[in-house]
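Notes follow the structure.
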Amino acid sequence: MSNKTHNVLFICTGNSARSILAEGLLNQLGGPKGFHAFSAGSHPKGAVHPQALQTLATHHIPTDGLRSKSWEEFAAPGAPQMDFVFTVCDQAAGEVCPVWPGQPMTAHWGQPDPAAATGSAEAQARAFVDAFVTLQRRIQLMLALPLASLERLALQKQIQNIGKQ
């Protein structure tokens with residue numbers, strides 16, 4: 001792989017759980033491979049769900065700097081140019097996204113919202129772990145792709161297929 005940094009944006013409506021988990025995971029797993037993750041929401045909640053931070057911390061993933069923010073930050077002049085944009089919730093996938101400079105590859109990696117889990121505290125925590133494990137597997141599959149040797153259309157198909165697994 002080249003020495004290029006690959007910027008990746010994970011989008012969800014509230015940017016409080018799934019996209020935050022994905023940002024933390026990719027920065028931990030993909031940082032040494034030249035990936036830098038960000039997350040944002042179409043209608044950010046303004047705060048990260050405490051259980052998302054706890055789930056990351058339990059798995060020894062740094063949470064410093066994680067915050068709920070609008071996707072407008074990444075469509076503004078001077079924002080990092082994205083190579084990949086993933087929606088991780090169904091609602092955000094159906095929304096009209098900003099125009100991303102540089103035409104990044106996009107895919108939908110839909111995931112049930114762990115913040116919407118009901119029941120006992122244990123059941124709610126389990127929903128966050130389930131989301132974490134699914135996102136971790138998808139990110140690992142993406143990191144295993146031979147980015148340098150895949151043509152753009154083949155890579156686009158591969159990242160879309162990861163979201164269906």
NZ/NE/NH1/NH2 to OD/OE distance under 4.0 Å, R67 and E73: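 Between E73 and R67 there is a salt bridge, with a charged N closer than 4.0 Å to a carboxylate O.
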
What pairs of donor and acceptor atoms, side-chain ones from residues 58-65 against any protein atom, are under 3.5 angstrom apart with sequence neighbours left out?
from	atom 1	to	atom 2	distance (Å)
T58	OG1	Q54	O	2.8
T58	OG1	Q54	NE2	3.0
H59	ND1	T55	O	2.8

Donor on one side chain, acceptor on other, H108 and T87, under 3.5 Å: yes

Whether over 12 other heavy atoms sit under 6.0 Å from Q103 CD: no

Within 6.0 Å of NZ in K45, more than 12 heavy atoms from elsewhere: no

Ring centers of F38, F74 separated by less than 6.0 Å: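 Between F74 and F38, which both carry aromatic rings, the centre distance is below 6.0 Å.
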
Interatomic spacing from [atom1] in [X] to [atom2] in [Y] - rounded to 0.5 Å:
X: M82; Y: H36; atom1: CE; atom2: NE2; result: 8.5 Å
X: H6; Y: M105; atom1: NE2; atom2: CE; result: 9.5 Å
X: T106; Y: F86; atom1: OG1; atom2: CZ; result: 9.0 Å
X: M142; Y: L135; atom1: CE; atom2: CG; result: 11.5 Å
X: C12; Y: R18; atom1: SG; atom2: CZ; result: 3.5 Å
X: L66; Y: L56; atom1: CG; atom2: CG; result: 6.5 Å

Any side-chain heavy-atom pair of [X] and [Y] under 4.5 Å:
X: S16; Y: V48; answer: no
X: F84; Y: P104; answer: no
X: V133; Y: F128; answer: no

Donor-acceptor pair, side chain of [X] and main chain of [Y], under 3.5 angstrom:
X: N7; Y: D83; result: no
X: K164; Y: I162; result: no
X: S68; Y: G46; result: yes
X: Q124; Y: G119; result: yes

Residue pairs, two or more places apart or on separate chains, that pass side chain to side chain donor-acceptor pair (under 3.5 Å) and touch residues 126-139: R126-D130

Which donor-acceptor pairs under 3.5 Å do side chains of residues 20-30 form with protein atoms, sequence neighbours excluded?
from	atom 1	to	atom 2	distance (Å)
E23	OE1	S39	OG	2.6
N27	OD1	A37	N	2.6
N27	ND2	E23	O	3.3
N27	ND2	A37	O	3.2

Residue pair L150 / Q158: nearest heavy atoms and the distance that separates them: CD1-CG, 4.2 Å

